[in-house]
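This report concerns only the one structure given below.
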2 protein chains.
Amino acid sequence: MKDVAQRAGVAVSSVSRVLSGNPDVSPVMRNRVMDAVAALGYEKDLIAQGMRSGATSSVGFMAVDIANPIIAAASAGAIRELRNNGYSLLISSSDGSTELDADYIRSFQLRRVEGLLLSVADEEDVRTLDALEQFTAALVFMDRAFPRNIKASAVVYDHRSGMAAAVDHLLDLGHRKLALINGAPRVRPARERANAVRQAIRRVKEATVVVRGGSYSASHGYDACKTLMGSASPPTAIIVGGNQILQGVMAALVELGLKVPDDVSLVTLDNVPLAEFISPSLACVTRDPVNMGTLGAELVLELINGGTPRTVELPTTFVRGESCAAPRG
Amino acid sequence: MKDVAQRAGVAVSSVSRVLSGNPDVSPVMRNRVMDAVAALGYEKDLIAQGMRSGATSSVGFMAVDIANPIIAAASAGAIRELRNNGYSLLISSSDGSTELDADYIRSFQLRRVEGLLLSVADEEDVRTLDALEQFTAALVFMDRAFPRNIKASAVVYDHRSGMAAAVDHLLDLGHRKLALINGAPRVRPARERANAVRQAIRRVKEATVVVRGGSYSASHGYDACKTLMGSASPPTAIIVGGNQILQGVMAALVELGLKVPDDVSLVTLDNVPLAEFISPSLACVTRDPVNMGTLGAELVLELINGGTPRTVELPTTFVRGESCAAPRG
DNA sequence: GTCCCTTCTGGAATCGTTTCGATTCAGACT
DNA sequence: AGTCTGAATCGAAACGATTCCAGAAGGGAC
């Protein structure tokens with residue numbers, strides 16, 4: 001910029017005014033500066049701008065696992081929305097480690113992001129909560145609960161309605177012994193699903209449900225499924241709380257020689273792309289993950305521009321499939 | 001930092017020295033400064049540091065579609081590796097738009113990233129190439145070819161060996177009319193696959209292959225499959241060049257009432273998580289996408305630290321499946 | 001006591017912008 | 001001619017850190 005000023009024979013402040021579209025510049029000045037800019041191939045330095053203005057035009061995105069298709073889709077939505085508003089996205093992936101979660105929050109803070117979209121690995125982790133309390137920029141939780149003292153917006157799914165519809169369907173088919181193989185109970189979605197299922201089942205007096213919490217992993221699905229199906233009175237229907245878990249469940253069912261839906265009915269989560277070609281087709285509770293990212297980005301921009309925190313709820317839908325049938329006998 | 005200096009009764013330069021681990025500080029000075037830092041809750045400003053030193057400790061990641069599971073997995077690998085070296089990752093997703101590609105490259109440049117990992121949407125696009133020539137930081141291409149005049153490292157897949165093995169298998173089963181429903185020919189992987197298939201088929205004189213290029217989309221797969229199978233002499237085996245394309249192909253086959261492998265054999269790409277539960281099991285050419293991200297990150301760090309550009313090749317493997325059988329008759 | 005050397009510390013310049021107050025100058029008015 | 005106004009421009013300070021240079025102590029050796 002100094003070079004540009006020198007070449008144009010003007011002061012750096014004038015160059016800055018021209019480049020920032022300040023109206024107090026004469027046409028002749030504008031031309032001289034623009035010529036010099038073109039001649040020297042000058043490019044502004046966003047770092048220096050950010051340093052001066054305090055606005056880095058960047059937002060952080062904290063995911064448990066960016067390779068998870070649901071989260072990847074959400075990030076794609078956020079990237080799009082933020083790009084349209086001149087913001088860049090810094091992404092992290094904690095791989096489920098709560099220490100990394102806390103570290104990342106601090107790291108984003110040091111980088112002076114203007115906002116943070118996050119799905120923490122554990123809502124109750126002290127280190128994470130500490131880091132969040134220190135955090136000063138805009139905060140938007142994605143499908144997570146957070147303590148009152150933290151001022152933040154949130155975008156959450158209405159897991160209850162989708163789950164309730166699934167349970168209703170199973171009850172209507174005649175199932176009375178259900179099981180939910182759930183994810184980590186320390187995050188909102190798993191809690192909501194468990195609560196929804198427990199509540200929906202009350203409609204039929206003699207119906208019962210077993211909830212098996214664990215991690216969002218194939219191994220948890222595998223173990224839980226084997227245990228459940230090997231018990232004295234196994235469930236006639238299983239609701240699977242995550243696409244990773246599903247893999248383990250499917251593997252376990254194959255090993256046990258159990259057929260879906262003949263031996264056990266199955267409801268799963270988040271229709272993954274090729275699932276429609278699995279036979280029998282899988283009944284599932286779906287949602288629009290891209291939307292979560294888009295909305296999250298909108299909320300964070302709102303906060304950055306001085307808006308007040310608010311929570312937005314997105315729907316989930318139950319989709320029937322051949323994997324659900326009346327129980328035997 | 002000024003506040004810290006004032007509270008400790010020392011100069012800012014001394015505070016900086018203490019905090020940056022400069023050996024020229026007395027223990028008493030160190031203690032006074034550290035006390036003041038703790039008392040004031042001081043946190044360094046990475047923006048200001050970056051401005052002064054020119055090192056932003058950030059790297060860009062440019063994907064065609066971050067929601068694609070392969071790319072998402074690669075980004076997860078890159079994030080992990082970069083995090084371990086103190087770098088943050090800025091992610092973009094161009095949704096296949098070449099203009100956005102060029103814009104993003106410039107945007108990363110303005111943000112002074114120290115390196116860029118990228119998969120461009122079109123290797124030959126002029127605007128993209130222009131932007132790349134202007135780009136001054138470290139450059140690592142992910143499974144893309146690039147012109148000689150651009151100094152960059154690259155991590156590429158050996159698509160040929162996996163594809164050749166697939167073709168060999170089909171030829172051995174007796175197939176003589178193959179088809180490859182391919183992605184966009186303006187990027188390396190699609191070109192490599194097409195070339196590999198054309199070359200491998202020569203082993204058997206009377207064998208032929210039709211290559212149908214297009215986009216990496218379900219609709220392309222659907223259209224191409226319908227056209228191919230509706231032709232006078234349809235192929236007896238189809239190789240599908242992408243997981244999005246596969247969806248369209250599967251849908252088309254269902255509509256046409258064609259059974260795999262009875263009516264047509266199928267080889268696909270990039271075993272997606274639940275594919276193993278699709279019946280018949282899908283033969284596919286697989287690779288390790290996380291590795292691409294990890295290696296890409298290593299290469300970019302190498303360049304940042306003054307290393308010379310180099311290209312690393314990763315293997316692909318053909319995995320047999322029930323979707324391949326001898327052709328009818 | 002002087003000189004030199006080492007060790008530590010302070011002050012100032014610097015990175016690339018933006019912005020504020022000051023300055024210049026042309027033209028209008030008295 | 002003198003004063004005033006407003007537009008256009010300039011110079012300098014500031015953002016928050018790092019780093020170089022100079023200088024101040026302190027310790028030994030003579």
Side-chain angles (χ1 to χ4, degrees), chain A residues 1-37 39-58 86 88 106-114 136-137, chain B residues 1-37 40-58 86 88 106-114 134 136-137:
Chain A
M1 192 142 160
K2 204 160 55 182
D3 299 344
V4 172
Q6 197 157 20
R7 175 162 181 128
V10 302
V12 283
S13 48
S14 298
V15 177
S16 172
R17 249 172 297 124
V18 170
L19 263 37
S20 62
N22 190 307
D24 294 352
V25 291
S26 64
V28 47
M29 164 73 83
R30 170 162 288 116
N31 288 337
R32 294 183 63 168
V33 169
M34 294 315 273
D35 287 352
V37 164
L40 295 175
Y42 163 83
E43 280 185 336
K44 67 177 167 189
D45 185 327
L46 281 178
I47 301 296
Q49 266 183 334
M51 150 106 150
R52 178 67 229 255
S53 64
T56 55
S57 295
S58 63
S88 290
R106 275 188 288 268
S107 153
F108 281 131
Q109 169 93 300
L110 293 183
R111 286 194 184 272
R112 302 285 185 262
V113 296
E114 296 183 43
T136 51
Chain B
M1 191 141 161
K2 205 160 52 181
D3 299 345
V4 173
Q6 197 157 21
R7 173 159 183 132
V10 302
V12 283
S13 50
S14 298
V15 177
S16 173
R17 250 175 316 222
V18 170
L19 263 37
S20 63
N22 190 308
D24 294 353
V25 291
S26 64
V28 47
M29 164 74 84
R30 168 161 288 115
N31 288 335
R32 294 184 63 168
V33 169
M34 295 313 273
D35 286 353
V37 164
L40 295 174
Y42 164 83
E43 281 184 339
K44 68 177 166 190
D45 185 326
L46 282 178
I47 301 296
Q49 264 182 333
M51 150 108 146
R52 178 69 229 257
S53 64
T56 55
S57 294
S58 64
S88 290
R106 275 189 287 269
S107 154
F108 282 132
Q109 169 93 302
L110 294 183
R111 285 193 185 273
R112 302 286 185 263
V113 296
E114 294 183 44
Q134 310 283 330
T136 50

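Just so it is clear: chains get the letters A, B, ... in the order the sequence lines come, proteins before strands, and each one is counted from 1. Predicted, not measured: the structure shown is a model, and the values here were computed from it.
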Counterpart residues, side chain to side chain contact (heavy atoms under 4.5 Å, CB included), relative to A:Glu43 (two or more places apart)
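With sequence neighbours excluded, A:Glu43 shows a side chain to side chain contact (heavy atoms under 4.5 Å, CB included) to B:Gln109, B:Leu110, given in chain and number order.
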Side chain to side chain contact (heavy atoms under 4.5 Å, CB included) against A:Val37, all qualifying residues, sequence neighbours excluded:
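Checked A:Val37 against side chain to side chain contact (heavy atoms under 4.5 Å, CB included); matches are A:Val4, A:Leu19, A:Val33, A:Tyr42.
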Euclidean distance, atom [atom1] of residue [X] to atom [atom2] of [N] [Å, nearest integer]:
| X | N | atom1 | atom2 | value |
| --- | --- | --- | --- | --- |
| B:Ile47 | C:dG16 | CD1 | P | 15 Å |
| A:Asn31 | D:dA8 | CG | P | 14 Å |
| B:Leu46 | C:dC15 | CG | C1' | 16 Å |
| B:Leu19 | D:dT19 | CG | C1' | 15 Å |

Contacts of [X] that satisfy salt bridge (charged side-chain N to carboxylate O under 4.0 Å, His left out) - sequence neighbours left out:
| X | answer |
| --- | --- |
| A:Arg112 | B:Asp45 |
| B:Arg7 | none |
| A:Arg106 | A:Asp103 |

Give me the distances for all protein-to-nucleotides 24-28 of chain C N/O pairs that come in under 3.5 Å?
none

Does the protein touch nucleotides 9-16 of chain D at the base, only the backbone, or not at all? Give it as B, S and - per nucleotide, heavy atoms under 4.0 Å.
BBBBBBBB
Show the atom names and distances, to 0.1 Å, of all donor-acceptor pairs under 3.5 Å that link a side chain in residues 20-31 of chain A to residues at least two apart or in another chain.
residue: A:Ser20; atom: OG; partner: A:Ser16; partner atom: O; Å: 2.9
residue: A:Ser20; atom: OG; partner: A:Arg17; partner atom: O; Å: 3.4
residue: A:Asn22; atom: OD1; partner: A:Asp24; partner atom: N; Å: 2.9
residue: A:Ser26; atom: OG; partner: A:Met29; partner atom: N; Å: 3.3
residue: A:Asn31; atom: ND2; partner: A:Pro27; partner atom: O; Å: 3.4

Within the distance-only criterion (no hydrogens, no angle test), does the side chain of A:Ser53 pair as donor or acceptor with the backbone N or O of A:Gln49 below 3.5 angstrom?
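Yes, the answer is positive, given that a donor and an acceptor are paired below the 3.5 Å cut-off.
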For A:Ser107, what residues pass the side chain to side chain donor-acceptor pair (under 3.5 Å) criterion, not counting sequence neighbours?
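If we apply the side chain to side chain donor-acceptor pair (under 3.5 Å) test to A:Ser107, skipping adjacent residues, there are no hits.
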